[in-house]
Colleague: 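First, the structure itself, so that you have it in front of you.
Each chain gets a letter, A, B and so on, in the order the sequences are listed, and its residues count up from 1. No experiment lies behind these values; they were computed from the predicted model shown. Side-chain atoms are counted along with the backbone in the values below, which use heavy atoms only and exclude waters and symmetry mates.
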Protein chains: 2
Amino acid sequence: MAQIEGAEKSGSRAEMREETERAILDAAERVFAEHGFGGATMQAIADAARLPKANLHYYFASKEKLYRRVVERIFTVWLEAAESFDTESGPEAALSRYISRKMQVSREQRHGSKVWANEVMHGAPIIQDYLETTLRDWTDSRIGVIRRWIDQGLMRPVDPRWLMYMIWATTQHYADFAHQIETLNQAPLSDAQWQDATDTVCGILLRGIGIDPAPEAAFKPAGPAA
Amino acid sequence: MAQIEGAEKSGSRAEMREETERAILDAAERVFAEHGFGGATMQAIADAARLPKANLHYYFASKEKLYRRVVERIFTVWLEAAESFDTESGPEAALSRYISRKMQVSREQRHGSKVWANEVMHGAPIIQDYLETTLRDWTDSRIGVIRRWIDQGLMRPVDPRWLMYMIWATTQHYADFAHQIETLNQAPLSDAQWQDATDTVCGILLRGIGIDPAPEAAFKPAGPAA
DNA sequence: AACAGACCTGACCAATCAGTCAAGGTTATT
DNA sequence: AATAACCTTGACTGATTGGTCAGGTCTGTT
């Protein structure tokens, strides 16, 4: 009687399980982003996932464990979006590409960004360990890269931490404060507006650290790669 | 038997009422910032204000009304911090001073900033009207000022909105993500670090819009005014 | 076909929470 | 001193929530 929804056809047991878990995580991400951990109810998540509430507890033992999985998933995306940071050689290409990808994540993973922001804002009660290990290591490594650029005279000397925070803040703002931006804009941002915002952020940040960006500096999604 | 706490001595009825209300608002701000609207309980707020819960409901009819008052209070501070924005004549002085004040608010009103961020992130269910009226008007007016600066050739032409969002994002990040910053820093930021972060933000943003800042551009709290 | 194990779910708790209330205390006014 | 208005509070309540569970269904295996 169930199983009518178009989503899950058939597949191996393991595949279906994975699909259901992903559906629940997607639903949970939306609900947690909209209402916060305390404001979200398992019933609302169940409704969003089109499952009876008891079924949720079959896949995820508790609300907190479900939440943890959601936050962990975001965290991964969030770090991966930065991977291109150190595949480029100089600050101009590396930073403009990193910023562009983070802006893209803000546009496409709005809910995830919000859940992450929420978690950190409330003191990271669930994922504090991630902050102290993975994030710290990652950050230290990128700080080292920036420091080397400075030593090589490729950019103005600024404390790399403040620069990183500026990039994080500016790009994530477009996800976390999307509602405010859209209210002021009287509409969601268009493709052109996203591109313009990205170009402006890149331009200001690069010039701000003493790099006069080439016209094509702000990475465009479908541009020539190599 | 109550009234032992050092806070409220005696005063006129109206004075004491105001004092109690402020104490409740302060406590509510902390609790809402830490747990979000849904996660905060009236009992926790009452405890933080050192009052029995029933007393809260004597001063504030409902949790939602109390929350609204908290958000409104923040909103006011947040706009006032920007007032100096248009008391200066050129972009260099105006922006660097605005940024410095916003950084200061982030440091001193961390809880308030978080509550505001929370509210907007969840779609501004309580103060949507403020966004559409007061904030929009305020923003439009500042955008006009920036546009005039651009027309006068005082700064590089960038869409004023993206610039405003950059300033908001960067400065508020130090409040909303204070926990993350402090974790990475292994300690709260020192006075010197706050000053350095402020200088860096000012420097990058000003240079980013084509202004080579004078050494004293980043406004220092106790610096010579006129 | 028969069996086992995975999956599903309606109905049900115990706990928690926002909000109420009635009774008692305090202060200002006359 | 009497009165009225304001303030305080412990005890209570109805509603909601996270989580449980027994009994059912479906799927793959022998």
Side-chain angles (χ1 to χ4, degrees), chain A residues 1-25 27-29 31-32 34-71 125-126, chain B residues 1-25 27-29 31-32 34-71 125-126:
Chain A
M1 209 210 284
Q3 191 92 358
I4 303 172
E5 300 308 324
E8 303 144 40
K9 308 187 178 183
S10 57
S12 81
R13 217 92 195 232
E15 276 168 3
M16 281 193 50
R17 173 158 199 128
E18 217 167 311
E19 226 172 314
T20 307
E21 277 186 11
R22 202 176 46 70
I24 294 174
L25 286 170
E29 188 175 289
V31 175
F32 281 134
E34 247 170 84
H35 304 284
F37 179 80
T41 68
M42 293 297 269
Q43 189 60 60
I45 295 171
D47 292 347
R50 293 171 178 273
L51 288 173
K53 186 178 65 129
N55 209 345
L56 242 64
H57 281 96
Y58 178 76
Y59 285 96
F60 296 93
S62 69
K63 185 184 182 184
E64 194 172 315
K65 277 187 179 128
L66 173 57
Y67 179 73
R68 191 176 225 281
R69 284 284 302 276
V70 170
V71 176
I126 309 286
Chain B
M1 207 209 283
Q3 190 93 359
I4 302 169
E5 302 306 322
E8 304 143 39
K9 307 188 177 180
S10 57
S12 81
R13 217 101 195 224
E15 275 168 4
M16 283 194 50
R17 173 157 199 130
E18 216 166 315
E19 227 171 312
T20 306
E21 278 187 10
R22 203 176 45 70
I24 294 174
L25 285 170
E29 189 173 288
V31 176
F32 281 134
E34 248 172 82
H35 303 285
F37 179 80
T41 68
M42 293 297 270
Q43 188 60 62
I45 295 171
D47 291 349
R50 292 170 179 275
L51 287 173
K53 187 180 67 130
N55 210 344
L56 243 63
H57 281 96
Y58 177 77
Y59 286 96
F60 297 92
S62 69
K63 186 184 181 185
E64 193 172 315
K65 276 185 180 130
L66 172 56
Y67 179 74
R68 190 176 227 285
R69 284 282 304 274
V70 171
V71 176
I126 310 286

Colleague: Give me each pair satisfying side chain to side chain donor-acceptor pair (under 3.5 Å) with a member in residues 37-47 of chain A, each pair once, sequence neighbours excluded.
Modeller: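 Counting only pairs at least two positions apart or across chains, the side chain to side chain donor-acceptor pair (under 3.5 Å) contacts touching residues 37-47 of chain A are Gln43(A)-Asp47(A).
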
Colleague: Between atom CG of Leu56(A) and atom CD of Glu21(A), what is the distance when rounded to the nearest 0.5 Å?
Modeller: 11.0 Å

Colleague: Return a table of donor-acceptor pairs under 3.5 angstrom between the side chains of residues 61-69 of chain B and protein atoms on other chains or two or more places apart.
Modeller:
residue, atom, partner, partner atom, Å
Ser62(B), OG, Lys65(B), N, 3.2
Lys63(B), NZ, Phe37(B), O, 2.9
Lys63(B), NZ, Ala40(B), O, 2.8
Tyr67(B), OH, Glu119(B), OE1, 2.8
Arg68(B), NH1, Glu72(B), OE2, 2.6
Arg68(B), NH2, Ile126(B), O, 3.2
Arg68(B), NH2, Asp129(B), OD1, 3.4

Colleague: Output the rounded distance in Å from CD (Glu21(B)) to C1' (dC6(D)).
Modeller: 14 Å

Colleague: Going by side chain to side chain donor-acceptor pair (under 3.5 Å), name the residues that satisfy it together with Glu18(B), two or more places apart in sequence or in a different chain.
Modeller: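 If we apply the side chain to side chain donor-acceptor pair (under 3.5 Å) test to Glu18(B), skipping adjacent residues, there are no hits.
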
Colleague: Within residues 39-48 of chain B, find the residues that approach DNA chain C with a heavy atom at under 4.0 Å, and present them sorted by residue number.
Modeller: Ala40(B), Thr41(B), Met42(B)

Colleague: Of the candidate nucleotides dC7(C), dT8(D), dG19(C), which contains the atom at the shortest distance from the side chain of Tyr58(B)?
Modeller: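 Looking only at heavy atoms from C-beta outward on Tyr58(B), the closest nucleotide is dT8(D).
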
Colleague: Take the protein atom CZ of Phe60(B) and the nucleotide atom P of dT20(C), then report the distance between them rounded to whole Å.
Modeller: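 Distance check: Phe60(B) CZ to dT20(C) P gives 16 Å.
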
Colleague: Side chains of Ile24(A) and Asn55(A), heavy atoms from C-beta outward: is any pair under 4.5 Å?
Modeller: no

Colleague: Rounded to whole Å, please give me the gap between NZ in Lys53(A) and P in dC13(C).
Modeller: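 My rounded result for the distance is 14 Å.
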
Colleague: For DNA chain C, whose closest nucleotide is more 5', that of Phe37(B) or that of Arg17(A)?
Modeller: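 Upstream on the strand: Arg17(A).
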
Colleague: Write down the distance between CG (Leu56(A)) and P (dT9(C)), rounded to a whole number of angstrom.
Modeller: 11 Å

Colleague: Could you state the CD1-C1' distance from Ile24(B) to dT8(D), rounded to the nearest angstrom?
Modeller: 12 Å

Colleague: Could you tell me the separation between the OH atom of Tyr58(A) and the CZ atom of Arg17(A), rounded to the nearest 0.5 Å?
Modeller: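 Spacing of OH (Tyr58(A)) from CZ (Arg17(A)) equals 5.0 Å.
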
Colleague: Between protein and nucleic acid, restricted to nucleotides 22-24 of chain D and to nitrogen or oxygen atoms under 3.5 Å apart, what atom pairs and distances do you find?
Modeller:
none

Colleague: For Tyr59(B) and dT8(D), is the shortest distance between a side-chain N/O and OP1 or OP2 below 4.0 Å?
Modeller: yes

Colleague: Donor-acceptor pair under 3.5 Å: do we get one between Lys63(B)'s side chain and the base of dG19(C)?
Modeller: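 No pair found.
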
Colleague: Evaluate the side-chain proximity of Phe32(B) to Ile45(B): yes if any heavy-atom separation is below 4.5 Å, no if none is.
Modeller: yes

Colleague: How close or far is atom C1' of dA28(C) from atom CE of Met16(B), stated in whole angstroms?
Modeller: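 Taking CE of Met16(B) and C1' of dA28(C), I get 13 Å after rounding.
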
